[in-house]
Chemist: 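I'd like to ask you about the structure that follows.
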Amino acid sequence: MSRSDTFHPFARVLHWLMALMILTMLFVGAGMVSTVETKHDWLLAIHKPLGITIFVLALIRLGFRLTHPAPPLPADMPLWQKLAAHASHWLLYALMIALPLIGWGMLSAGNYPVTLGGGLLLPPILPSDPLVFAWLREAHRYLAWLFFLTFLAHMGAALMHGLIRRDGVLQSMTGGRTPD
Amino acid sequence: MTDETGPRSRPPTHTAWRWALIGLAVAGSAAAFGYVAGWLAPDRLTPHRLVNAVAANGGEHAGFRRNHAKGVCVAGRFEANGALAGFSTAPLFAAGTSTPVVGRFALPGSNPYAADSSVPIRSLALRFDLPDGEQWRTGMNAMAVFPVSTPQAFYALQMATHADPATGKPDPAKTKAFFTSHPETARFLAWVKTAKPSASYATETYRSINAFYLRDAAGDRHAVRWAMVPEQPAEGDGGPAAGDTDYLAADIGKRLTAGPLRWHLQMVFAAPGDAVDDATIAWPDDRRTVDAGTLVLTSSQPQADGPCRDVNYDPTILPRGIETSDDPLLAARSATYADSYLRRTSEEAHVPGTKHPGEDKR
């Protein structure tokens, strides 16, 4: 299947897999810093390896996206909506790469061992520096909130395309497009 | 790639309902996130609330730890004798292994200017730096048991012992009500009645209090607690001069100038039935104990610029071969230490909205 009005099947698989992972990640992150219960520990144990997995998949996805352009948006979409669509997509790409890097960097700056479970250990990517830790830790929080807001806009817009405009944009990612 | 994505199909019916569905999906997701993040769950005991409660009892001191604020950095090494290697795969227990250690002696409480004699408890935190980049961090206290077994009870303890603004002292009725409703505190209260502020950090036995598991090469786990038992003999008379409030750091500095100080890492193994998830219950004295090696401290530095300053002694940072138990205090320590660490580092970094260090009054 390589119709120009749907995303490549590989891109669709990556999209839905990563959507699930990123949503999980955002909820795990928000939950683990707001509880003193034992779930703090196992949420943290999920957060780090999941974040690195998202980082690796995001790089693969970015590479694929740059070599396999997305289907064009409908010609009758208002310009501001097209601009918003492009900007929010690139923002999502930027965040799915930046957030894991910032998390990795902040643990490095805080001189924490970057453990992924099962004895896996990542090397530090920044020298130990508590001031850098503090700035990155705050950035990690606020960019995560921005990520969630961008996700809400993305989901709302996708549903608007699917339910109101019914212009095939949502189907270009679900792949379930029925012939008109 | 030049074709349109197809003509729009029939105009949608029930548009209002469709918009409502979209709104519901977005608002529902936002509400779920708000709940998980705690904004829509005001009653939840968050790390932030617990740290506020602890810090309130000793005043907010920007740039300092929110608990165990007064302390001194030490450094040295841990020399393993190999006796524990059969019980844990952690490489630092292999015979003849010497692991560098960055440590910190401290007083409990959030006031960095507290008098050394104001509490009968001293603490020792250690970070073992393993050659492969792994770390073992532990925060130990020189006491027999912890007063409470859950973070909720610890929070209630802080609230019950807050100084009354009118008298400057905790309200005795509230304090009594707390201890009456928390009978697990009886063992701590009995111990603390006999405890006296020691004249030296060097003569104390520091205990993990919480239980952990060791994991051996066969994959079996062993519930343990540990104690750092000093080689230095307990002091007789000759305590600090009256009126001296900062004798501990001076004492440890003087002793370390004269030569290294040594403790033995005594690993205590639980017997079946021993409480592994309750820090208010000590294990009987006859439990199997393995001397795992010697902690040798060789130098000390003030905490303001010493190597321990920027270390969060989170006791859940463990190398392979050591694991957390189900003790609920461990996760709470991890979560609250992270909150405290972010507060003091962002104060040092002058992150907007934080107090600058040095602005607080003594």
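Chain letters run A, B, ... following the sequence lines, proteins first and then strands; every chain starts at 1.
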Chemist: Closest heavy-atom contact between A/Pro130 and B/Tyr341?
Modeler: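 It is CB-OH, 4.3 Å.
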
Chemist: Considering only heavy atoms, which portion of B/Ser29 lies under 4.5 Å from any heavy atom of chain A: side chain, backbone, both, or neither?
Modeler: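 The answer is both parts of B/Ser29.
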
Chemist: Would you mind telling me which of A/Ser128, A/Ala30, A/Gly29 has the largest number of heavy-atom pairs within less than 4.5 Å of chain B?
Modeler: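 Result: the option with the highest number of such pairs is A/Ala30.
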
Chemist: Which bit of B/Leu45 is near chain A, if near means a heavy-atom gap under 4.5 Å: side chain, backbone, both or neither?
Modeler: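 Answer is both: backbone and side chain atoms of B/Leu45 are under 4.5 Å from chain A.
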
Chemist: Where on B/Arg137 is there a heavy atom nearer than 4.5 Å to chain A: the side chain, the backbone, both, or neither?
Modeler: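 Side chain only.
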
Chemist: Can you tell me how far OG1 of B/Thr345 sits from CH2 of A/Trp135, rounded to the nearest 0.5 angstrom?
Modeler: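 Result: 11.0 Å between the selected atoms.
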
Chemist: If you count heavy-atom pairs within less than 4.5 Å of chain B, which of A/Leu159, A/Leu44, A/Leu163 leads?
Modeler: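 Top option by heavy-atom pairs under 4.5 Å: A/Leu163.
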
Chemist: For B/Pro47, is it the side chain, the backbone, both or neither that has a heavy atom under 4.5 Å from a heavy atom of chain A?
Modeler: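 B/Pro47 touches chain A through backbone and side-chain heavy atoms alike.
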
Chemist: So what's closer than 4.5 Å to chain A heavy atoms on B/Glu347: side chain, backbone, both or neither?
Modeler: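 Looking at B/Glu347, nothing touches chain A.
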
Chemist: Out of curiosity, B/Leu342 CG to A/His140 NE2, how far, rounded to the nearest 0.5 Å?
Modeler: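 B/Leu342 CG to A/His140 NE2: 12.0 Å, rounded to 0.5 Å.
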
Chemist: Checking B/Arg343 against chain A: side chain, backbone, both or neither under 4.5 Å from a heavy atom?
Modeler: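 For B/Arg343, neither part sits under 4.5 Å from chain A.
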
Chemist: Counting only heavy atoms not in A/Phe27, do more than 12 sit closer than 6.0 Å to its CZ atom?
Modeler: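 More than 12 within 6.0 Å, yes.
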
Chemist: Can you give me the closest heavy-atom contact between A/Met160 and B/Trp19, atom names plus distance?
Modeler: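 Taking every non-hydrogen atom into account, CG-CH2, 3.5 Å.
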
Chemist: Provide the closest heavy-atom pair for B/Gln135 versus A/Pro113 in the form atom of the first, atom of the second, distance.
Modeler: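 The answer is OE1-CD, 3.3 Å.
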
Chemist: With chain A as the partner, which of B/Ala37, B/Ala338, B/Gly321 has the greatest number of non-hydrogen pairs under 4.5 Å?
Modeler: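 Counting heavy-atom pairs under 4.5 Å, the top option is B/Ala37.
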
Chemist: What part of B/Thr316 lies closer than 4.5 angstrom to a heavy atom of chain A: side chain, backbone, both or neither?
Modeler: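 B/Thr316 touches chain A through side-chain heavy atoms alone.
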
Chemist: So, taking the atom named CG in A/Leu131 and the one named CG in B/Asp310, what distance separates them when rounded to the nearest 0.5 Å?
Modeler: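 Rounded to the nearest 0.5 Å, the CG-CG separation comes out at 8.0 Å.
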
Chemist: With only heavy atoms counted, which part of B/Ala27 is less than 4.5 Å from chain A, the side chain, the backbone, both or neither?
Modeler: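 When you check distances to chain A, no heavy atom of B/Ala27 falls under 4.5 Å.
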
Chemist: Specify the closest pair of heavy atoms between A/Glu138 and B/Ser346, including all atoms of both residues, with the distance to one decimal.
Modeler: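 Of all heavy-atom pairs spanning A/Glu138 and B/Ser346, the closest is OE2-OG, 4.2 Å.
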
Chemist: Looking at B/Val36, is its backbone amide N or carbonyl O close enough to the side chain of A/Ser34 to form a donor-acceptor pair, meaning the two atoms are under 3.5 Å apart?
Modeler: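 Indeed, once roles are kept as given, a pair shorter than 3.5 Å links the two residues.
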
Chemist: Please walk me through it: do B/Asp314 and A/Tyr112 pass side-chain hydrogen bond (donor to acceptor under 3.5 Å, both in side chains)?
Modeler: CA-CA 10 Å; B/Asp314 176 342; A/Tyr112 292 100; over 6 Å; no

Chemist: Counting only heavy atoms from other residues, nucleotides and ligands, does the tally under 6.0 Å from CH2 of B/Trp17 exceed 12?
Modeler: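 No, the 6.0 Å shell around CH2 holds no more than 12 heavy atoms from other groups.
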
Chemist: What residue in B/Gly133, B/Pro328, B/Gly38 has the most heavy-atom pairs under 4.5 Å with chain A?
Modeler: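 Most heavy-atom pairs within the cutoff with chain A belong to B/Gly133.
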
Chemist: Go through the atoms of A/Leu23 and report whether side chain, backbone, both or neither lie under 4.5 Å from a heavy atom of chain B.
Modeler: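 For A/Leu23, neither part sits under 4.5 Å from chain B.
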
Chemist: Over 60° means perpendicular and under 30° means parallel, so classify the ring planes of A/Phe148 and B/Phe33, tilted if in between.
Modeler: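 Ring orientation of B/Phe33 relative to A/Phe148: parallel.
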
Chemist: I need the minimum non-hydrogen distance between B/Asp326 and A/Thr38, along with the two atoms involved.
Modeler: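 Heavy atoms only, the tightest pair is O-CG2, 4.4 Å.
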
Chemist: Between A/Val33 and chain B, with a heavy-atom cut-off of 4.5 Å, which part of the residue counts as in contact: side chain, backbone, both or neither?
Modeler: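 Contact with chain B involves the backbone of A/Val33 alone.
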
Chemist: Under 4.5 Å from any heavy atom of chain A, what part of B/Arg18 do you find: side chain, backbone, both or neither?
Modeler: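 Both parts, backbone and side chain.
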
